[in-house]
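Here's the structure, in C-alpha cells; my notes come after.
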Amino acid sequence: MRRKLVVGNWKMHGSRPANAELLAALLAGRPYRADVAVCVPSIYLNETAATLAGSDLRWGAQDVSAHEQGAYTGEISAAMLAECGCRYTLVGHSERRACHAETDALVAAKAQAALARGVTPIVCVGETLAERDAGQTEAVVKRQLSAVITRLAHCAAEMVVAYEPVWAIGTGRTASPEQALAVHAVLRAQLQAATGHGAAMTILYGGSVKPDNAATLFAQADIDGGLIGGASLKAADFIAICRAAH
Ligand code: PGA
C-alpha cells in the first residue's frame with residue numbers, strides 16, 4: 001500500500017517570525033500518519049532545515065535550476081538544494097509554467113537535475129479551464145508527463161507527480177473526487193506503461209484542498225495525498241489536512 005504524502009507549498013509567503021511559529025505548530029501537531037513536507041521559499045531553506053532536522057517532517061524547494069552550475073544569475077542548483085537537506089523540489093508548478101514561461105522540456109530538465117542530486121522532483125501537471133472545457137484535459141496532462149518520463153527514462157519511477165488543475169488553484173474551486181480520480185487513473189496508467197512501477201508511485205492532488213474536503217479527496221484509492229497552497233500557511237488548517245491523510 002502506498003503511504004500518503006502531504007506537501008505544503010508556501011509559494012512567496014512567509015517571514016522569519018511567521019515561519020518559526022508555523023513550523024513550531026507543525027512539530028507540535030505530530031505524530032502524523034502520512035509523510036509531511038513543506039516547500040518553502042529558498043531563502044528560508046537553511047532555517048527550515050535547522051528547525052526540522054531530527055524530526056520526521058521533510059522540507060523542499062519550489063523550483064530548481066536545470067543547470068548544474070555556472071553563469072545563471074538568480075538560479076539555485078539541485079546540488080545547493082541537496083546541501084540544504086531538501087528531500088523534494090516542486091517542478092513545473094502551473095505558476096512557473098504560466099508566469100515564467102516554463103516549457104514541458106524545461107520542466108523535464110529540472111526534474112532530471114533534481115534527481116541527479118538525490119532530490120525528489122514533485123512534477124506538477126494540470127489543465128487550464130479552457131483546456132478542460134475543450135475536452136483536452138487528458139491530452140494536456142499526458143503531454144506534460146510524457147516529456148518528463150522520456151527525459152528521466154529508467155529513473156522516472158522515482159518522481160512524485162502532482163495533478164493540479166489550474167482552475168482549482170487558489171480559486172476555492174476544488175476538483176470533485178470523480179474529476180480528480182479520472183485524471184489520476186490516466187496518469188497512473190501512463191506511469192505504469194512507462195516504468196512498470198505505476199502502482200507504487202505517489203500521485204498527489206492539489207488545488208483548493210482545505211480541511212473540509214481533504215478527507216474525501218484522500219479517501220479515493222488513487223489519490224495519495226495533497227499539494228496544499230493557501231491552507232498550508234495556516235497551522236490549524238494544514239495540521240487538519242495532514243491528519244486527514246492516512
Ligand atoms: P491552493 O494551491 O491550495 O492554494 O489552491 C495549490 C498549489 O498551487 O500548489
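Side chains included, hydrogens not; waters and symmetry mates left out as well; all remaining heavy atoms used. Just follow the structure's listing: the first ligand is 1, and inside any ligand the first atom is 1.
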Find the distance between SG (Cys39) and CG (Asp63) and round it off to the nearest 0.5 Å.
11.0 Å
Could a heavy atom of [X] be found less than 4.0 Å from some atom of ligand 1?
{"X": "Gly207", "result": "yes"}
{"X": "Ser94", "result": "no"}
{"X": "Gly206", "result": "no"}
{"X": "Lys210", "result": "no"}

Counting only heavy atoms closer than 4.0 Å, does ligand 1 sit against the backbone of Ala162, its side chain, both, or neither?
neither
Quick look: Asn9 vs ligand 1, heavy-atom contacts under 4.0 Å, and the answer is side chain
State, without any angle test, whether Arg243 and Tyr32 hold a side-chain donor-acceptor pair at a distance under 3.5 Å.
no
Distance-only donor-acceptor check, side chains Glu127 and Tyr163, under 3.5 Å:
yes
What about Leu227 and Trp10, same hydrophobic cluster or not, with Ile/Leu/Val/Met/Phe/Trp/Tyr joined at side-chain heavy-atom distances under 4.5 Å?
no
Are Leu106 and Val64 connected into the same hydrophobic cluster when the rule is that any two of I, L, V, M, F, W, Y join if their side-chain heavy atoms are below 4.5 Å apart?
no
Should the heavy atoms of other residues, nucleotides or ligands under 6.0 Å from CD of Gln136 be counted, would the total exceed 12?
yes
So does Arg143 pair up with Asp104, basic N to acidic O under 4.0 Å?
yes
Salt bridge or not for Asp222 and Arg188, using N-O below 4.0 Å?
yes
Distance-only N or O hit between ligand 1 and [X], under 3.5 Å:
{"X": "Thr171", "value": "no"}
{"X": "Ala231", "value": "no"}
{"X": "Gly170", "value": "yes"}

Atoms in ligand 1 with a heavy atom of [X] nearer than 4.0 Å:
{"X": "Ala168", "value": "5 (O)"}
{"X": "Lys11", "value": "2 (O), 7 (C), 8 (O)"}
{"X": "His93", "value": "7 (C), 8 (O), 9 (O)"}

For [atom], what's the nearest protein heavy-atom neighbour? Residue, atom name and distance, please.
{"atom": "atom 3 (O) of ligand 1", "answer": "Gly229 N, 2.9 Å"}
{"atom": "atom 4 (O) of ligand 1", "answer": "Gly230 N, 2.8 Å"}
{"atom": "atom 7 (C) of ligand 1", "answer": "Glu164 OE2, 3.2 Å"}

In terms of heavy-atom contacts, Ile239 and Ala25 come closest through CD1-O, 3.5 Å
Relative to each other, are the rings of His184 and Tyr205 parallel, tilted or perpendicular (30° and 60° limits)?
tilted
